[in-house]
Amino acid sequence: MCNHLPSTMLNNVSKDDLDFMTKARFSKMVESTVIEKKLSYMDSIIHLCEQYQIELEDCKKYVSPVIKQKLEVEAMRLNFFPQGNELPI
């Protein structure tokens, strides 16, 4: 069972909280968005960046190795790049 933040917690993330964003917090937010909104990992990250006004280039530092691996699997499944290659993040 996945531990994730309820949507009420996502809505309560303030701009000040974003100043203290960690990989763990961002990962929980991504996982929660994937489950609750039934989005892909890539779409969830984009959605969170838009929602909290985070530049896509800046979210790179918040992507945990676990989320990175899930993104790679998702990209390979969609044939975005050949199997065996890694994302440049």
Side-chain angles (χ1 to χ4, degrees):
M1 182 135 169
C2 179
N3 293 330
H4 62 278
L5 295 171
S7 60
T8 54
M9 287 185 77
L10 285 176
N11 294 334
N12 292 332
V13 175
S14 70
K15 185 66 174 160
D16 291 334
D17 291 335
L18 290 176
D19 291 338
F20 300 105
M21 183 64 69
T22 64
K23 285 185 179 191
R25 177 180 277 171
F26 191 73
S27 294
K28 287 180 183 179
M29 291 170 67
V30 170
E31 291 287 354
S32 178
T33 305
V34 166
I35 292 167
E36 291 180 9
K37 297 192 181 290
K38 300 191 182 350
L39 295 173
S40 67
Y41 282 90
M42 181 64 70
D43 289 337
S44 295
I45 290 170
I46 292 168
H47 171 76
L48 289 170
C49 286
E50 289 173 353
Q51 184 175 356
Y52 296 106
Q53 299 174 351
I54 300 171
E55 292 291 326
L56 286 173
E57 294 81 18
D58 293 339
C59 81
K60 180 175 161 178
K61 60 187 168 194
Y62 302 126
V63 177
S64 70
V66 172
I67 298 297
K68 180 181 175 185
Q69 183 178 19
K70 291 178 180 183
L71 281 168
E72 288 175 359
V73 169
E74 199 172 77
M76 280 187 250
R77 192 172 5 149
L78 295 170
N79 294 321
F80 284 166
F81 60 92
Q83 300 214 1
N85 290 348
E86 293 185 5
L87 292 175
I89 56 174

Legend entry - Shared hydrophobic cluster for Tyr52 and Ile45 (ILVMFWY, side-chain gaps under 4.5 Å): yes
Legend entry - Closest approach of Asp58 to Lys61 (non-hydrogen atoms, all atoms of both residues): O-CG, 3.2 Å
Inset, instruction - Could you tell me the separation between the OG atom of Ser44 and the CD atom of Gln51, rounded to the nearest 0.5 Å? - result: 11.0 Å
Legend entry - Same apolar cluster (I L V M F W Y, side chains within < 4.5 Å links), Met42/Val34: yes
Inset, instruction - Using the side-chain contact (heavy atoms from CB on, under 4.5 Å) rule, pick out the option among Glu72, Lys23, Glu31 that qualifies with Ile67. - result: Glu31
Legend entry - Any donor-acceptor pair under 3.5 Å from Thr33 side chain to Met29 backbone: yes
Inset, instruction - Assess whether atom CD of Gln69 is packed by more than 12 heavy atoms of other residues, nucleotides or ligands within 6.0 Å. - result: no
Inset, instruction - Could you pull out the closest heavy-atom pair between Lys68 and Val63, with the gap in Å? - result: N-CG1, 3.8 Å
Legend entry - All side chain to side chain contact (heavy atoms under 4.5 Å, CB included) counterparts of Val73, not counting sequence neighbours: Arg77
Inset, instruction - Would you please test Leu48 and Ile54 for side chain to side chain contact (heavy atoms under 4.5 Å, CB included) and show each step? - result: CA-CA 8 Å; Leu48 289 170; Ile54 300 171; over 6 Å; no
Legend entry - Single-linkage hydrophobic cluster Leu71~Leu56, side-chain heavy atoms < 4.5 angstrom: yes
Legend entry - Inter-residue atom distance Ser27.OG - Arg25.CZ, 0.5 Å rounding: 12.0 Å
Inset, instruction - With sequence neighbours left out, write down each residue that passes ring-ring contact (aromatic ring centres under 6.0 Å, His included) with Phe26, or none if nothing qualifies. - result: Tyr62
Legend entry - Value rounded to 0.5 Å, distance of NZ in Lys70 from OH in Tyr41: 3.5 Å
Legend entry - Over 12 non-hydrogen atoms of neighbours within 6.0 angstrom of NZ in Lys37: no
Legend entry - Ser64 side, atom OG; Lys28 side, atom NZ - distance, nearest 0.5 Å: 11.5 Å
Legend entry - Residues forming a side chain to side chain donor-acceptor pair (under 3.5 Å) with Ser40, sequence neighbours excluded: Asp43
